[in-house]
Structure formats: C-alpha cells, structure tokens
Protein chains: 2
Amino acid sequence: MTEKKPDKQPRTGTRSTVTLQQVAERAGVGVMTASRAIKSPHLVSEKLRLRVQAAIRDLGYLPNEYAGRLASNRSKIVVFILPSVSSGVFRFIVQGAEEVLSPLGYQVMVTAASHSLEEEEAACWKILGWKPEGVILSGTDHTDAMRAMLLAAEIPVVEALELGDQSIDINIGLSHQDAGRAAARHLLDRGYKRLGFLSSNMENDYRAQRRRDGFLSVIKEAGLSVICDINQSGKVVFESGALAAKQVMASGIDVDAIFCSSDELAVGAVSAALRAGRKIPQDLAIMGFNDLDISAHMVPAITSIRTPRVEIGRLAAEAILTRIAGDPYPARIDVGFEIIVRETT
Amino acid sequence: MTEKKPDKQPRTGTRSTVTLQQVAERAGVGVMTASRAIKSPHLVSEKLRLRVQAAIRDLGYLPNEYAGRLASNRSKIVVFILPSVSSGVFRFIVQGAEEVLSPLGYQVMVTAASHSLEEEEAACWKILGWKPEGVILSGTDHTDAMRAMLLAAEIPVVEALELGDQSIDINIGLSHQDAGRAAARHLLDRGYKRLGFLSSNMENDYRAQRRRDGFLSVIKEAGLSVICDINQSGKVVFESGALAAKQVMASGIDVDAIFCSSDELAVGAVSAALRAGRKIPQDLAIMGFNDLDISAHMVPAITSIRTPRVEIGRLAAEAILTRIAGDPYPARIDVGFEIIVRETT
DNA sequence: CTGAAAGCGCTTACAG
DNA sequence: CTGAAAGCGCTTACAG
C-alpha cells in the first residue's frame, strides 16, 4: 500500500517507449499517415513525410516489431530447424539463405535440434509460434506429427541437403547414397581394394547413414567387403577422426583406403596417419565428404566430395520467396555433387 | 464488387489461426485461465489445467509470439551484433551464449554488420525494435550515436572479445594488444629475430589492429624492426594466408617467423610454406591467433594464442541474466589468453 | 482458484 | 493524399 502508486493507472504507465502515436502527435498528423510515412513513403506527401521523419528522429522512435507483426499478420520471418546452428555444413546453408533473404527485409531465425526427431518436432512446435512465412529443414526424416504440423501451417517448407522419397513440400539437395557410391567407385578405380568407412555420431545423422549405405553397396557389388567400419562417438570431429585412425592403425587391420563421412574426420585421420609415419596415399588413402575449405589446404590436400552447400541455402530461400509470391516452384531439385580428386587418394 | 465478399466483415476473417480464445471456449474456461494454464500451470487447478491442455492438443493451438510479447512487454530476446554470424571466432561466442540462454527460454537473434561502424549502427537501430532484454556487441569501437541509442534503451549491454578503455556498460574480453605483445615475446624468446606480421582485411578488424600494435611495439622495444607487414585483402582466409606466404617467399625477404593475426591465415601460410619445400619451423616459424581446433591437427601443429571464446559468450549471457534479475555485475572482466606452443615455432 | 475488461503498439479497409 | 476506428491475439492488475 505504501510502496505502490496510490491511484490506479493504466498498465502502460511504466513503459518508457516512444510510440507511433507520439510521433504522429509531434508531427501533427494522424497515426495512419505516420505509419505510412514509414512503410510506404510514396503514399504520403513530401511535406508530411518530412515532418514525420523529423519527429522520428527527435523522439528516437523505434517501431515495435511485435505490434507491427501482430497487426499486419506478416512475420517476414523464415526459420531454420537444423541439427546444429554453427557447425559443419549447416552454417553455410544458413549463410546462403541469408544472402538472399536479408536484403529483402526477412529475418532469419535458426533453431538447433540435434538429438532426435522428437526434439526436432518439439523445436518445430515452438518456432511455429513466430508464424514464419517459410521453414527450412534438414533432410527428409521427420516425425509424422511434425509433417502434419507443417502442412497445417500452410507455408512453404523446404527440406534441404538430402533428396528423399517422400517430402513435405519442396526438396532441394542431393542423393547421399549416390555420393557414397561415387566415393566407393573412385577408390576402387584408383586400385584400392581394402576399403574402410569412418563416421562419427552416425545414430543421429541420417545422411551419413545413406552415404554409408551407398558406399557399402558398391563394395559388395564389386565382390568385396568392407575391411573396417567405425562409428566414433564424441562431438569434436577433428579429434574423432584422429582417434579412429589411430585405432585402425593400432589394430593392425590392413586397410588401403578410408572414406570418412565428413571432411573434419578426414582431416583428423590424415593428421593421425601422418604422425604415425604413414605415407598418404601410398600406405593409406583417405577421402572426405563436403569439401570444406580446409581440405584443399591440408598437406597432403584431401580428396573430397563437393556439395553445393551455400547454393542449397540460396535455392531454399528463393523457393520460399517464389512460393510466397504465389508462383509455383519445382517440388524437387537435385543439386548434385562432385568428386574433387586431390593428393590423399 | 463481384470478387469481394459482399458483406463487410472484420479483417480477421481470413486468418485461420487458432487463438487462445478458442482454446478457452473449448475447455469451458476463461481466457485468463487458459493463459495461466500455459504460462503458470501451478496457479491453475489440475482439473481445469487438464481441460485446457486437451483443448490445446485438439485444436493444434500455437501461442502467437508477437501477441504475447506485445502484451507482456517482455521479449525474452537477446541480440548479437557481430561482424559475422558464422565465421571465425564469432560463432563460438554465440554458441557459448546460447548454451546458457536457450534453456531459460530466451531467443537469441544474431545480426551481422561487418563493413563499418555506420553499418553496425544501422543494424543496431533495426534490431532494437525487437526490444531485446540485452545486447551483445563485439569490441568497444562504436559510433557515438550507437552508444547513445543503447544507453537510451536502458538494457544491459555487453561488449565482448576486446577489452577497451571506454565501454558502454559491461566489457568482457581480453587485451588484444597484450596478446600481440605476448606473441612477439614468444618469438623473440625462441631466438627468432626477423619477424613478420600477417593479417587480412585489417581495416575493419580493430582487434587485429591492436594485436599488430602490441606485436610491433615489443619488436621496437627489442631494438628490432618488423621485416614484413602484410595486410592481405579477400575474404577466403585460408587462401589469403597461403597467398601472402607465397608472396613473402617469392619476394626473397629473409623472414624467420611470422605472426598471423588469425589461425586461418596461419593454416594457409603453413600449407604454402610446406608446398614450397620450406621446413617449419627451421626455415620459417609460423604462429597464429585464437587456437581454433584445426591448429592442433595440422602437421606440423600450429603454435597459437588460445582465447576463451566460448566462455566469453557464456559470461556475456550470464552478465545479461544477472542484470535482468536486478543484480550487479562487474563492469569489466579480463578473461585472458594463453600461448599454446606447438611445432611451428 | 477463477474471470471480465482494458490495454500493448501497431496496420488497414474504408470513407472522405 | 489523409485520418478515425476497429482489430490483431495475447497478458495482467484487480476483484471476487
């Protein structure tokens, strides 16, 4: 009773924000005109527009993003749901999308969900409250509830990176199984016969599983079998590659060549092999996936499979924009991949 | 006239969203109770809570984030304004902050502004419309207008990474000048006398300038002078390091050791030197900055200066949370750095 | 524990 | 070109 303000006053009492209303008053115009002077300046006479702009400056007015979005029912937001925000290949997708979305005034929001499809579903549920105008997902493996939720939202959905059989809406990516097959073929062509596969945390990486499938199938078709097949745990991928390589070398298994499910693993493997005194590729050939920048700068430079990751992001963004504009967009785009042969094979 | 709906109806007509109102009706409770069942379940009887939850499930209700934030005047958002979202050291800061913020329900928003202080100011202006409860910036160099804007917003502001003389609010980082000095001392201690400095795009990297200042000052104090001082342009940093190193080697300049302003440059330099047949460190010593994971995995492993970048992000987030809670937080935290000596020096 | 009503700061169809 | 008024979907002080 003593602490509180004596007279009942509106809840707004304590807010110190400058509102459009105040701008309009200061400029001597209606709020509508003030609003238009900001959003559609061409609809307002120069005289009033200038007065509004001056008022904005004087008052230090900042449009409230929540009020605007609530009233207009347009979020100008595109969300990503990815296994990781900043690591591996994902940040390049976000980067590519941001390059096309940001200049158009879209806000990009990224949510990470790496542990399971259920976690992804939960993340999706939360993020949909931001009423995104488009959603970009990784891969085509999702829970049925998540698919239903996305369908109900009636917004363009891009499943990126991996090409799947059933997709929710738009699917932009490449066949990771084909990439695995191509890796095996490359190694076989080079004359390697005793092939190994190396991955990390593959339980939650469906794309790596597909690469492995493709890799193994070609080996089998060639009448051979895989010599070692290691799934390293742990998140530090360079280190995982090094550990796995050490393990293989210590085991005495006679491997010719290893296909690593990512370039990070390949870097670690190359590093460990070199330190163990192995000659690459004579004693051991190593091949990676994704063709990260580092691969070309390792000595020896690492053979890898280049995926157009930035372009995937760009295309995903364009797909969403096209659909928002009401135009059709292909349901499926295969961006392909390319084997970059370097010194490690 | 023919196309439009004949009878004038509320603007909401076309919205297909499920609202709290509808949830409340279905559950047979007031909207207040429905709202509380979601936000503060402990304040609602189990019976009604269950009914509300069932209604939410049946209807597929998603709380509108804009309406909620507008009404409550709490954004639960922390924003970052950084030179880059996903590259170099910045993504680790975001990662560190996200680790502490996300579990508490805060949404992290990142804006990139890399070209100038003016661009940063513009980005700040825009992002403040989201009414963040805290802002994290990189470095302590900002325009006066930006400082004023941030002060007027009356929210905790953390300037991260670099320790400066004048900071807006909270400053968490390290002295990049001291780091540069330490690098020079390390190289001098190792017996190298003909030292070089290598950076890229230093115009917009105040921290790199400070490292250079420190580096040069120690060399001068030792009665020596820097042999080469290259500022490479271009964004591909591995490649920039390689190009600069090639340039130095081709020029015939007799350099003992090079301090690179980032590990990416050092990786490229090591790679180029190796390919040119130089022995590292005998023919040329190379040292980096930041101690990225890759540095330990290069062969030879790269000597670097470790900066606690994830921890900086974590601390920044904690600083903001502490201040939001109304508690005091130190104005300045020096997180220090550590020289990690490896094989390239 | 429960709820009616006011208010958050915008946008927009409509009428001048 | 300009503006009054209703509405967006929530939250919350207050009173039962």
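What's counted below: heavy atoms across the whole structure, side chains too, no hydrogens, waters or symmetry copies. Only a predicted model underlies this, so the values are computations on that prediction, with no experimental measurement involved.
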Could you tell me how far apart [X] ([atom1]) and [N] ([atom2]) are, to the nearest whole angstrom?
X       : N      : atom1 : atom2 : value
A:Tyr66 : D:dT11 : OH    : C1'   : 15 Å
A:Glu65 : C:dT11 : CD    : P     : 10 Å
B:Arg74 : D:dT11 : CZ    : P     : 13 Å
A:Leu70 : D:dG9  : CG    : P     : 7 Å
A:Ile56 : C:dG9  : CD1   : P     : 16 Å
B:Arg51 : C:dC1  : CZ    : C1'   : 13 Å
B:Asn64 : C:dC8  : CG    : C1'   : 13 Å

Legend entry - Selection residues 316-325 of chain A - residue pairs positive for side chain to side chain donor-acceptor pair (under 3.5 Å), sequence neighbours left out: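 Every pair satisfying side chain to side chain donor-acceptor pair (under 3.5 Å) with a residue in residues 316-325 of chain A: A:Asp169-A:Arg323.
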Is there a donor-acceptor pair under 3.5 Å between the side chain of [X] and the backbone N or O of [Y]?
X        : Y       : answer
A:Arg49  : A:Ala34 : no
B:Glu133 : B:Lys76 : yes
B:Ser35  : B:Val31 : no

Inset, instruction - Output every pair passing ring pair (Phe, Tyr, Trp, His ring centres under 6.0 Å) with a member in residues 100-158 of chain B, not counting sequence neighbours, ordered by first then second residue. - result: A:Tyr66-B:Trp130
Legend entry - Whole-angstrom distance between D:dG9 and D:dA13, as gauged at atom P: 23 Å
Legend entry - Sub-4.0 Å heavy-atom contacts from residues 20-50 of chain A onto DNA chain C, ordered by number: A:Leu20, A:Met32, A:Ser35, A:Lys39
Legend entry - Ion pair A:Glu99/A:Arg314, N-O distance below 4.0 Å: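 Judged by the 4.0 Å cut-off on N to carboxylate O distance, A:Glu99 and A:Arg314 do form a salt bridge.
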Legend entry - Under the side-chain contact (heavy atoms from CB on, under 4.5 Å) test, residues paired with A:Ala112 that sit two or more places apart: A:Val85
Legend entry - Results of side-chain contact (heavy atoms from CB on, under 4.5 Å) for A:Ala317 - residues two or more places apart only: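 A:Ala97, A:Val100, A:Leu101.
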Legend entry - Pair A:Thr140, A:Glu159: side-chain N/O donor-acceptor within cut-off below 3.5 Å: no
Inset, instruction - Sort by first number and list every stem of DNA chain C: at least 3 consecutive Watson-Crick or G-U wobble pairs, both distances under 3.5 Å. - result: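 Correct response: C:1-3 with D:14-16, C:5-12 with D:5-12, C:14-16 with D:1-3.
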